[in-house]
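Working notes, structure below.
Indexing begins at 1, ligand by ligand and atom by atom, following the structure's order.
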Amino acid sequence: MPKFEGMQPQDYGVLYDRFKASVSRYDCGKYCAPLNNGEPVCCTTSHAIPIMDKTEFKLLETRSDLWHKFKITNAADRDLLSDMHKSCMAAECKGPAHCERDNRSFACRAFPFYPYITKEDKVVGLATYWTFEDRCWLMSNMQVVEADFIKEFIIAYEMVFEKDSYERKVMREQSANHRRRFSRLNRIIPLIGREGGFFKVMPNSHGEIRPARIEEFKKQGPFGSERAYQKAIKEAGGTAIERSPLV
Ligand code: SF4
Ligand code: SF4
């Protein structure tokens, strides 16, 4: 019997059953959408093209017509997707107005977090895809992340890592890259611990991790203050929302 490396379609079915929790009780898309033509940033392919395993797409195709293959229409996207692993593909959903909660991809469920892996190869918690920090409200408000989400996120990734060593390698590299980049900027990496709680990876410290207070996680870009946020919405031509998003 050949041994298949990687997640198979049925594995994604199990993963979807285990990873259903909402990241927070807030509908965070409401808070980033006014800065992005009314659509949540992570649901817009001009910001983030969803990449998934071909096997995940295979499963989704049997469950729904929500997803289709992403069509490359410009050189920038071609360039962006050029080094994608051969087991992966770029996909696109029909958009937030048609979202089906049960048929969200693994990437949709996990965003904006990735599993942070230390130099010693330990999965210690959740870090963010920091390049979105100027557009993702949640990254500036990590206190809203629910305990169930953290638990299910870790369970899901441990399942993936057990079956797919390549994915673990990718996340190790992502973590190393995060350390290098933030050391250069002399910034801490904000972390949510795998059992909850806040931590920080110290810059230029070979990855030393210390407990942190949420106040140490600096709010970024337009999320720095109510005034900056409302100003950014105005500049983006968006509709201001009534309640302050800065919880
Ligand atoms: S995770 Fe971030 S980018 Fe996605 S909807 Fe929430 S605030 Fe917006
Ligand atoms: S499936 Fe839903 S959560 Fe995922 S990108 Fe589409 S609209 Fe967003």
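Residue side and main chain included, C108 places no N/O/S atom under 2.8 Å of atom 2 (Fe) of ligand 2. In summary, an N, O or S atom of C93 is located under 2.8 Å from atom 6 (Fe) of ligand 2.
For the pair E100 and K94, the salt-bridge criterion is not met [side-chain N within less than 4.0 Å of a carboxylate O]. The residues D102 and K20 are annotated as not salt-bridged, no charged nitrogen and carboxylate oxygen being separated by less than 4.0 angstrom. Taking a cutoff of 4.0 Å between a charged side-chain nitrogen and a carboxylate oxygen, D53 and K58 do not qualify as a salt bridge. Ion pairing of K200 with E216 is present here, as a side-chain N (NZ or NE/NH1/NH2) and a carboxylate O approach within less than 4.0 Å. Under 4.0 Å is where a charged nitrogen must lie from a carboxylate oxygen, and between E120 and K122 no such pair does.
By the 4.0 Å heavy-atom criterion, S105 is excluded from the residues contacting ligand 2.
Within the listing of ligand 2, atoms 1 (S) sit less than 4.0 angstrom from a heavy atom of W67. For ligand 1, the atoms sitting less than 4.0 Å from at least one non-hydrogen atom of P40 are 5 (S), numbered in the order shown with element in parentheses. In summary, the atoms of ligand 1 found under 4.0 Å from a heavy atom of V41, numbered by their order in the structure, are 3 (S). Residue C28 has at least one heavy-atom neighbour below 4.0 Å for each of these atoms of ligand 1: 1 (S), 5 (S), 6 (Fe), 7 (S). Less than 4.0 angstrom separates some heavy atom of P96 from each of these atoms of ligand 2: 7 (S).
Between the side chain of E92 and the backbone N or O of P50, no donor-acceptor pair lies under 3.5 Å. Using modelled atom types, no side-chain atom of R179 and backbone atom of P203 make a donor-acceptor pair closer than 3.5 Å.
Considering C32, A48, P112, C43 only, the shortest heavy-atom separation from atom 8 (Fe) of ligand 1 involves C32. The option with the heavy atom closest to atom 7 (S) of ligand 1, from among Y31, F113, W137, is W137.
When hydrogens are left out, the protein atom nearest atom 2 (Fe) of ligand 2 is C99 SG, 2.3 Å; that is the closest non-hydrogen contact. Shortest contact from atom 4 (Fe) of ligand 1 to any protein heavy atom: C42 SG, 2.3 Å. At the top of the distance list for atom 5 (S) of ligand 1, counting protein heavy atoms only, stands G29 CA, 3.4 Å.
A cation-pi arrangement, defined by a distance under 6.0 Å to the six-membered ring centre and an angle within 45 degrees of its axis, is present between R109 and Y16.
Taking the six-membered ring wherever Trp is involved, the centroid distance between the rings of F132 and F111 falls below 6.0 Å.
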